[in-house]
Amino acid sequence: MNDCIFCKIIDGSIPSRKVYEDDKILAFYDLEPQAPVHVLVVPKLHIACADEITEDNVDYIAHIFAKIPAIAQSLGLENGYRIVNNCGEHGCQSVKHLHFHILGGTQLAGRMV
Ligand code: AMP
């Protein structure tokens, strides 16, 4: 996707502070952190949002969740963290490339909204 910020981060044409990378996924620090630790994990395949997860691309999502524990450990989140995905307008999704926020480094609020 030519106009997708996260595709440009994946191809290196927009810089990012990388946390983890392999052939399927990239994790990098959020530009505007909302917690002491705020990292985004994205599939290298352009999937616009959670509504576009299918049987054909779900291996990317499974891989993200298989890697999150090690990513969280590398970030020092041994006391826990929150995984957030915003989908669509009501979910306040601002970047239309599926991504999971990992938020932690402090006691997070009990309510999510
Ligand atoms: P969402 O609102 O769920 O779509 O989240 C998009 C996230 O992407 C926000 O937390 C932004 O701060 C973050 N973001 C946008 N552009 C960049 C960028 N170039 N590098 C890192 N994070 C970004």
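Side-chain atoms are counted along with the backbone in the values below, which use heavy atoms only and exclude waters and symmetry mates. Remember, it's 1-based here, ligands and their atoms both numbered in the order they're listed.
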Look at the side-chain heavy atoms of Ile, Leu, Val, Met, Phe, Trp and Tyr, link any pair under 4.5 Å apart, and say whether I68 and F6 land in one connected group.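 No: no chain of side-chain contacts under 4.5 Å links I68 to F6.
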
Spell out, yes or no, whether Y81 and V84 are grouped together once hydrophobic residues are joined by side-chain heavy atoms under 4.5 Å, including indirect joins. no

Going through the distances and angles, do K24 and I64 end up as a side chain to side chain contact (heavy atoms under 4.5 Å, CB included)? CA-CA 8 Å; K24 278 198 168 73; I64 284 173; over 6 Å; no

Out of V95, I14, L103, indicate the one that has the non-hydrogen atom closest to atom 15 (C) of ligand 1.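 Among V95, I14, L103, the closest heavy atom to atom 15 (C) of ligand 1 comes from V95.
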
Tell me the nearest of L31, I9, N86 to atom 23 (C) of ligand 1, using heavy-atom distances. L31

For ligand 1, is any non-hydrogen atom under 4.0 Å from [X]'s backbone (N, CA, C, O), its side chain (CB onward), both, or neither?
{"X": "S16", "answer": "neither"}
{"X": "F100", "answer": "neither"}
{"X": "Y29", "answer": "backbone"}
{"X": "V84", "answer": "neither"}
{"X": "N85", "answer": "neither"}

For [X], the ligand 1 atoms whose distance to one of its heavy atoms is below 4.0 Å:
{"X": "S94", "answer": "1 (P), 2 (O), 4 (O), 5 (O), 6 (C)"}
{"X": "C92", "answer": "2 (O)"}
{"X": "E32", "answer": "12 (O)"}
{"X": "Q93", "answer": "4 (O)"}

Consider every N or O of F6 and every N or O of ligand 1, then say whether any pair is closer than 3.5 Å. no

Would you please classify the geometry between the H38 ring and the H101 ring as parallel, tilted or perpendicular, with 30° and 60° separating the classes?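 H101 vs H38 ring planes: tilted.
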
Should C7 and H97 be marked as a side chain to side chain contact (heavy atoms under 4.5 Å, CB included) after you check the CA-CA gap, both sets of side-chain angles, and the distance that decides it? CA-CA 8 Å; C7 284; H97 182 126; 3.5 Å; yes

Just need the protein heavy atom nearest to atom 1 (P) of ligand 1, so name the residue and atom and give the distance.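 Among all protein heavy atoms, the one nearest atom 1 (P) of ligand 1 is H99 NE2, 3.1 Å.
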
What protein heavy atom sits nearest atom 7 (C) of ligand 1, and how far away is it?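 It is D30 OD2, 3.4 Å.
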
Short side-chain to backbone donor-acceptor contact, H46 and K44, under 3.5 Å: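 No, H46 side chain to K44 backbone: no donor-acceptor pair under 3.5 Å.
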
Checking I53 against L98 for the side chain to side chain contact (heavy atoms under 4.5 Å, CB included) test, could you report, in this order, the C-alpha distance in whole Å, the side-chain angles of both residues, the deciding distance, and whether it holds? CA-CA 9 Å; I53 300 170; L98 180 66; 4.0 Å; yes

Indicate the atoms forming the closest heavy-atom contact of V19 with S74, along with that distance. CG1-OG, 4.2 Å

For H63 and D22, what are the C-alpha separation, side-chain angles and deciding distance, and is it a side chain to side chain contact (heavy atoms under 4.5 Å, CB included)? CA-CA 10 Å; H63 189 66; D22 63 29; 2.6 Å; yes

Looking at F28 versus Y20, is the centre-to-centre ring distance below 6.0 Å? no

Under 4.0 Å, counting heavy atoms only: does H101 come that close to any atom of ligand 1? yes

